[in-house]
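These notes concern the structure reproduced below.
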Amino acid sequence: TQFAMLMNAALHSSNSTMSQAARSGAYHEIYDGVVEQPGSREGGNGALGTLLVATGELLERIRQPLHQDLRQRWQETLAKRITRQNEVRVARLILEAESHLEFAGRLIAACPTRGGPIFDCIMALLRDST
């Protein structure tokens, strides 16, 4: 139950997301998905008490959006890193040109407006090499 409450709190960590989730019905009421189970805790009079246990369905409903968000962020981060690595590779290939004409041709092909991330990489590599 505490784990479900923690996951629900992480999912709706700000007032705006909590309000939006409550309006859209995405907020999961913890006690709707909790069942009582005989436990080993002692009640106030020494009798066995009950434990509140979150159901697997409740945990899955809470976990799913968090997992999707994490996977999406991971994929976006990976895509940005791959794009950046490719830009640096292209910049290095341009700088490895054997003649001025070859350099100019590669630069025009990769950076037609003399700007953009590849051009920035070229400038950074030139600056770092001096």
Side-chain angles (χ1 to χ4, degrees):
T1 305
Q2 290 175 346
F3 179 73
M5 291 172 71
L6 177 66
M7 295 292 286
N8 211 15
L11 188 60
H12 310 294
S13 58
S14 68
N15 286 339
S16 61
T17 57
M18 181 63 154
S19 299
Q20 182 181 7
R23 280 193 301 274
S24 69
Y27 176 75
H28 306 290
E29 185 61 48
I30 297 297
Y31 290 105
D32 291 345
V34 171
V35 294
E36 288 187 8
Q37 198 173 52
S40 59
R41 290 189 197 173
E42 291 187 11
N45 58 3
L48 288 178
T50 57
L51 295 175
L52 296 177
V53 179
T55 62
E57 178 190 348
L58 172 68
L59 293 176
E60 185 62 26
R61 283 191 328 219
I62 293 172
R63 186 196 65 79
Q64 191 64 28
L66 288 173
H67 182 70
Q68 287 175 347
D69 185 46
L70 181 64
R71 174 171 271 161
Q72 180 182 353
R73 284 188 208 172
W74 181 80
Q75 288 174 343
E76 289 171 359
T77 301
L78 183 62
K80 286 179 187 177
R81 285 183 181 174
I82 290 171
T83 301
R84 180 68 178 161
Q85 287 176 348
N86 289 339
E87 292 165 355
V88 171
R89 281 189 190 129
V90 170
R92 284 192 176 132
L93 287 173
I94 291 171
L95 290 174
E96 292 173 358
E98 304 230 353
S99 70
H100 297 302
L101 289 176
E102 186 180 350
F103 175 79
R106 289 181 182 182
L107 188 64
I108 290 170
C111 312
T113 60
R114 287 175 296 176
I118 295 174
F119 189 79
D120 293 340
C121 288
I122 292 171
M123 294 295 110
L125 289 169
L126 288 174
R127 184 187 67 228
D128 291 343
S129 67
T130 58

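Numbers for residues simply follow the sequence, beginning at 1. Just so you know, these numbers use all the heavy atoms, side chains as well, and skip hydrogens, waters and symmetry mates. Bear in mind the structure is a predicted one, so any value in this text is a computation, not a measurement.
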Let's go through Cys121 and Arg84 carefully: what are the C-alpha distance in whole Å and the side-chain angles of both, what is the deciding distance for side chain to side chain contact (heavy atoms under 4.5 Å, CB included) to 0.1 Å, and is it a yes or a no?
CA-CA 9 Å; Cys121 288; Arg84 180 68 178 161; 3.1 Å; yes
If you count the non-hydrogen atoms of other residues, nucleotides and ligands that lie under 6.0 Å from CD in Glu98, is the total more than 12? no
Phe103 and Ile94 have their tightest heavy-atom pair at CD1-O, 3.4 Å
Verdict with supporting geometry, Glu102 and Arg106, salt bridge (charged side-chain N to carboxylate O under 4.0 Å, His left out)
CA-CA 6 Å; Glu102 186 180 350; Arg106 289 181 182 182; 2.5 Å; yes
Separation between CG (Leu70) and CD (Gln75), nearest 0.5 Å, reads 10.0 Å
Only residue of Arg73, Gln72, His67 satisfying side-chain hydrogen bond (donor to acceptor under 3.5 Å, both in side chains) with Asp69 is Arg73
(Q) Hydrophobic clusters here meaning ILVMFWY residues chained together by side-chain heavy-atom distances under 4.5 Å, can you tell me if Val90 and Val88 are in one? (A) no
message = Counting C-beta onward and ignoring hydrogens, is there a side-chain heavy-atom pair between Leu126 and Met123 closer than 4.5 Å?
response = yes
CD1 of Ile122 to CD of Glu87, rounded to nearest 0.5 Å, is 11.0 Å
Students should find that the hydrophobic cluster of Ile82, defined by side-chain heavy atoms under 4.5 Å apart, otherwise consists of Trp74, Leu78
Separation between CG (Asp120) and CG (Leu125), nearest 0.5 Å, reads 11.0 Å
